[in-house]
Amino acid sequence: MIGFLAFAVAAWVFVVGLYGMATSRNLIHLILCLSVTQSSTYVLILEVGYRLGATAPVFSDVLPGVRAVDPVVDALTLTDIVVGATATALLLAFALRVHKKRQTLDPEALRPMQG
Amino acid sequence: MSSRARTAMILVSGAVMLVLILFAVAGLPPFGHYPGPYGDVLNTVAPHERQIPNIVTAVNFDYRGVDTLGEEYILFAAVAGIALVLRQDRKRTKDEPLAPSRTLHTTARTDAVSAFAALAIAVTIAFGAYLGIHASQTPGGGFQGGTILSGVGVLIFFGLGYRAFAKLTRKEPLETVEAIGAGAYAVIGLATLVATGAFLKNALPLGGEGQLFSTGTIGVINLCVLVEVCAGFLLLYLDFAHQTRVEEPEPSQE
Amino acid sequence: MTPETLAPLAFAVPLAVAALCAAIGPFVPRRVLDALAIATGLFCTVACALLAQAATRGTIVHWFGGWTPRHGIALGIAFTVDPAGGALAAFAAFLSTAALLFAWTYYDESGPPFPVLMLTFMSALIGFFLTGDLFNMFVFFELMGVAAYALTAYRTEDESAVLGAFAFGVLNSVGAFLVLLGIALVYGRTGALNMAQISHALGTHADALIVLAFAFVAAGLLVKAALAPFHFWLADAHAVAPTPLCVLFSGIMVQAGLYAVARVYWSVFSGALGGHEQTLRTVLIVFGLVTAFTGAFMCFGQRHFKRLLAFSTIAHTGILVCAFALLSAHGVAGMIVYVLGHGLTKGGLFMCSGILLNRLGTVDVEQLRGKLSGEWVGIVAIALGALALAGMPPFGTFLGSSLIEHAAEDVGLGWLPWVLLIAAALTGGSVLNALGRMAFGWGPPPDPEAKTPQFESPEANQGDKGFPLMMYACAAFLIVCACAIGLIPRAASAALGAGERFVDRAGQLAIVLKETPGAPLALPPAEPITSSLASGLLAAVLAVAFAALALFAHRLPSGADATKVLETMLKPLRRIHDGVVTDYVAWLAAGTAALGTALAAWMR
Amino acid sequence: MTEQVVQGIALAMTAVVATVVVLAREPKRQIFCFMLYGLVLTLLFAALQAPDVALSELAVGSIAIPFAVLATLVRIENGRR
């Protein structure tokens with residue numbers, strides 16, 4: 001029923017995040033758009049490992065051998081989420097530092113060097 | 001580039017990328033039909049080889065444990081970087097007593113808020129600890145437990161203010177704890193390399209299935225991750241919380 | 001100790017030491033941490049060199065956790081070390097050690113974060129070169145990235161350093177997401193993450209998914225490799241990053257991105273994409289040439305010496321991409337030798353720039369005009385470095401160019417090396433041009449109407465502290481090594497052997513998944529390098545000629561007008577390097593769209 | 001069947017809220033949209049039978065990142081005063 005649309009959502013989120021970054025007028029806005037772009041990779045990775053009607057790969061309540069979704073994609077996404085969170089926080093720290101010096105977060109006004 | 005040119009450029013290239021990605025995902029197996037084999041093999045062999053019901057934990061801390069080691073160090077490096085960038089003014093105030101700070105709340109905190117915060121803190125600690133310890137049994141593990149436990153810092157900050165937060169969580173010991181958590185993971189890997197000839201290969205006895213600490217190295221690594229993540233995120237919160245204190249803006253170099 | 005255990009040691013020991021440094025950092029003197037870091041760097045250099053040596057007797061595979069594959073299915077992560085990967089890992093560790101040694105006297109005070117982050121960065125580089133797992137590669141890509149962003153912003157009081165780190169972080173993160181997008185596509189199709197296993201599962205036929213997965217992974221990795229139009233972050237970040245770090249950035253990190261593209265192509269996609277070699281070659285060469293000349297022209301006439309060197313790195317990335325684009329074992333061999341030669345040269349040059357900054361307080365060529373008079377070691381080192389960049393014999397870059405030249409002839413692209421030679425000569429000429437101004441005060445004075453650019457504050461240690469022996473020793477040693485590497489007997493044939501092994505997809509498959517023992521490296525005869533002596537010398541002459549033109553053309557009749565015309569022509573190119581991070585994102589999206597469309601459209 | 005309905009709703013919300021986050025140009029409004037987005041993703045991951053990931057996303061997407069952003073915003077406000 002959902003089929004292709006599930007993957008299309010991931011594609012949309014990736015591109016919309018990129019659009020937000022490129023048109024951003026504020027570094028904090030840009031960082032959050034970066035997070036949105038990253039979230040599309042979580043969505044896509046989890047989707048490719050999903051199996052209709054299957055349980056989570058935790059065999060405490062169900063017996064091993066029951067149809068389960070892919071545990072690997074869960075592990076990959078977990079790693080990805082940590083990476084995303086820490087990189088986001090680091091970039092925020094950069095933005096904050098820049099603002100202290102220049103009192104602005106507008107990317108147009110913040111050019112390290114030109115030409 | 002003018003902002004109009006940039007918008008045009010991103011609209012065109014974004015549209016092209018959207019089409020490309022759609023074109024590519026059309027070649028995937030239909031949604032909900034993961035073809036395997038990686039996950040299926042692990043779902044089959046891991047429960048009895050590693051004596052663990054939560055296969056995600058087994059993948060994270062054993063089968064693909066090196067990814068998690070890298071991930072822990074990403075957190076470690078990022079926290080070091082954040083401290084580096086935000087510490088500038090911290091140095092200045094290091095030996096001074098904490099100045100009265102205005103934080104997110106300009107109004108005084110009521111007792112009700114503090115009481116609520118205390119309750120929330122207790123619940124969060126219980127929940128985080130449960131998640132962190134029961135990695136092998138139920139969804140959750142060192143990472144989830146660690147992030148939720150560190151959320152206590154956020155609650156203290158909102159409930160009791162920056163001063164309480166900074167008093168309750170000293171930066172220097174936390175940094176040492178964090179380094180030990182991250183380093184222990186690498187050291188466990190090196191120790192198992194010496195003991196078994198393979199990095200991160202389990203060298204501890206396995207208990208019966210379903211027991212709390214029956215999973216050999218997985219249990220130990222889970223604990224390291226719990227410590228490292230909790231300390232790392234607390235440091236991160238502490239550095240950012242410190243910024244909410246009022247200061248004079250630094251003069252620009254221009 | 002078996003070679004199999006060396007692979008995990010080389011990446012895990014620096015991580016453990018990094019944590020140790022962080023834990024004991026507040027309690028011990030700074031020198032203890034520095035010494036610990038340098039010792040670890042030496043250890044990793046030796047370990048990786050032994051590993052590379054052992055790999056010549058057969059590709060080394062280490063299965064983490066002891067999870068060897070079952071029935072051709074990988075359960076865990078493997079490090080797959082071939083001679084090329086091992087050698088580059090050793091080179092990464094070597095350069096890191098040199099950079100740490102350089103930093104020893106460079107900083108008066110550096111807190112614990114510096115050695116901690118440097119060790120983490122080195123570990124990530126080593127892991128990145130050794131891993132045989134696609135997702136694990138992504139993890140090391142990110143680890144390298146996070147440590148690098150933090151180090152770029154190391155001089156936090158300089159906001160352009162923080163801004164450079166910001167652009168670097170944003171662009172590389174988007175690159176990482178593209179890599180991940182490609183990995184997700186591949187994983188959805190094959191259910192595998194081990195490179196050899198994916199390659200087996202992909203078969204020998206390409207469809208849209210495979211082509212685009214490669215396009216996304218390659219685009220993401222090429223952000224790190226600074227291919228145009230993904231290169232904007234590099235010039236900003238390298239110009240402002242601490243000099244010891246620039247040595248690593250320009251010397252090996254950027255090239256690591258390109259190495260990863262080659263690795264992913266040959267280990268994963270070459271079976272499926274093999275039928276489309278022609279198209280892929282054309283597309284990559286177009287991108288490579290655009291990059292080479294963007295970098296070369298931007299390099300020429302830069303006032304900021306570190307930024308000049310950064311643009312030269314971009315130009316050399318273009319050359320390396322063209323070498324990879326030949327899609328042959330010989331092309332890979334040339335690429336690897338060129339990476340080594342260029343990395344040593346660029347490392348030495350960046351160290352020289354650091355010494356200038358350290359002693360004279362600026363790297364602005366015009367402010368340094370005629371001020372270098374006493375620094376003979378520096379002048380000679382920079383001059384030799386400039387000629388090495390151009391590819392003069394007997395430097396390593398010359399040996400690399402010579403291998404690339406033969407590889408290009410093999411696939412019927414005999415014209416390509418001559419075009420690349422011009423780009424290389426332009427970068428060498430730019431450095432000579434700057435040197436002529438700084439050392440001898442030659443050349444026309446700067447346009448008084450042009451506003452004086454705001455340049456960075458000195459990094460550390462400024463003031464007369466006597467002859468900086470240690471720093472000059474490091475710089476000179478790297479330049480000498482750059483020369484020595486071109487003189488090693490049978491280096492070319494060893495590189496060719498390593499290249500053959502690198503592209504041997506079937507052999508790797510058998511070793512990784514079926515655990516068949518590897519065979520010793522065959523050493524194919526290399527063409528005598530004397531056949532390319534002429535082109536090497538031509539490159540050096542051209543470099544000198546370009547520099548002479550830039551310095552003295554204004555004395556010729558109508559020379560000044562010609563310079564003006566050239567300036568006007570280069571203006572649009574300069575204008576797009578505007579330092580606005582949102583522009584860079586837009587360029588990144590455009591580049592990915594272009595690469596993907598070109599591959600998808602022509603590969604049907 | 002209900003499983004798919006939940007997934008469909010979660011996916012649709014993901015696409016919509018992601019767009020809203022991007023289009024919310026004002027950082028203070030954006031951060032609340034972002035917290036909502038974290039919750040939507042948590043729901044989606046739970047619906048995709050990935051409880052481990054859902055828990056992490058809850059902790060990171062709705063606590064960690066928003067806290068860092070809020071602290072940054074407060075700092076910027078204070079700096080202006």
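We name chains A, B, ... by the order of the sequence lines, and we start the count at 1 in each one. Since we're looking at a predicted model, the values are computed, not measured.
- Contact tally against chain B (heavy-atom pairs below 4.5 Å) for C:T582, C:T592, C:I73, C:V585: the top residue is C:T582.
- Side-chain N or O atoms of B:T192 include one that pairs as donor or acceptor with a backbone N or O of B:L200 at under 3.5 Å.
- Contact count against chain C (heavy-atom pairs under 4.5 Å) is highest for B:Y63 among B:Y34, B:Y63, B:Y185.
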Side-chain donor-acceptor contacts of residues 15-29 of chain B below 3.5 Å, not counting sequence neighbours, with atom names and distances?
none

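- Counting heavy-atom pairs closer than 4.5 Å to chain C, the top-ranked of the candidates B:T176, B:D62, B:I180, B:V187 is B:D62.
- No side-chain donor-acceptor contact under 3.5 Å links B:T196 to the backbone of B:L193.
- For C:N194, no part lies near chain B; criterion is any non-hydrogen pair under 4.5 Å.
- With a 4.5 angstrom heavy-atom cutoff, B:E178 does not touch chain C via any of its atoms.
- Every residue two or more places apart in sequence or in another chain that forms a ring pair (Phe, Tyr, Trp, His ring centres under 6.0 Å) with B:Y73 is listed here: B:F76.
- Along residues 64-71 of chain B, the residues that come nearer than 4.5 angstrom to chain C, judged on non-hydrogen atoms, are B:R64, B:V66, B:D67, B:L69, B:G70, B:E71 in order of number.
- Residue contact with chain B, scored on non-hydrogen atoms closer than 4.5 Å, involves the backbone of C:T190 exclusively.
- Between chain C and the residues B:I10, B:L190, B:L42, the most heavy-atom pairs under 4.5 angstrom are made by B:L190.
- B:N222 places no side-chain N or O within donor-acceptor distance of the main-chain N or O of B:G141, the cut-off being under 3.5 Å.
- In this structure, the portions of B:M1 lying under 4.5 Å from any heavy atom of chain C include both its backbone and its side chain.
- Rounding to the nearest 0.5 Å places CD of C:E4 at 13.0 Å from CH2 of C:W63.
- Of the residues considered (C:H62, C:Q197, C:E142), C:H62 shows the highest number of contacts with chain B, using heavy-atom pairs under 4.5 Å.
- The pair C:R189-C:D207 meets the salt-bridge criterion, since a charged nitrogen lies less than 4.0 angstrom from a carboxylate oxygen.
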Side-chain donor-acceptor pairs under 3.5 Å in residues 117-128 of chain C, sequence neighbours left out?
residue, atom, partner, partner atom, Å
C:T120, OG1, C:V116, O, 2.7
C:S123, OG, C:F11, O, 2.8

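- Most heavy-atom pairs under 4.5 Å with chain B, from the set C:D133, C:I210, C:V13, C:L151: that is C:D133.
- Residue contact with chain B, scored on non-hydrogen atoms closer than 4.5 Å, involves the side chain of C:L178 exclusively.
- In terms of heavy-atom pairs under 4.5 angstrom with chain B, the leader among C:A593, C:G596, C:A150 is C:A593.
- Only the side chain of C:W67 has a heavy atom closer than 4.5 Å to any heavy atom of chain B.
- Comparing C:L15, C:L181, C:V580, C:L193 by how many heavy-atom pairs each has under 4.5 Å with chain B, the most go to C:L15.
- When heavy atoms are compared at a cutoff of 4.5 Å, C:A201 does not approach chain B at all.
- Aromatic ring orientation, C:F64 versus C:F79: perpendicular (interplanar angle above 60°, classes split at 30° and 60°).
- Listed options B:G36, B:G183, B:G189, B:A80 were ranked by heavy-atom pairs under 4.5 angstrom with chain C; first place goes to B:G36.
- Contact of C:L212 with chain B is made through the side chain alone, with heavy-atom distances under 4.5 Å.
- Contacts of B:P35 with chain C are made by side-chain atoms alone, with heavy-atom separations under 4.5 Å and no backbone atom involved.
- C:A590 approaches B:S13 most closely through the heavy-atom pair CA-CB, 3.5 Å.
- Across all their heavy atoms, B:N202 and B:G216 have their closest contact at OD1-CA, 3.4 Å.
- The shortest side-chain heavy-atom distance between C:H71 and B:V41 does not fall under the 4.5 Å cut-off.
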- prompt: When you look at C:F138 and C:F135, which way does the ring pair (Phe, Tyr, Trp, His ring centres under 6.0 Å) test go after all the steps?
  reply: CA-CA 5 Å; C:F138 161 81; C:F135 189 80; 5.3 Å; yes
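- Looking only at distances, no side-chain donor or acceptor of C:T156 sits under 3.5 Å from a matching main-chain atom of C:A153.
- Note on C:I77, C:V146, C:I24: by heavy-atom pairs under 4.5 Å with chain B, the leading option is C:I77.
- Considering CG of B:L75 and CD of B:E228, their distance stands at 4.5 Å, rounded to 0.5 Å.
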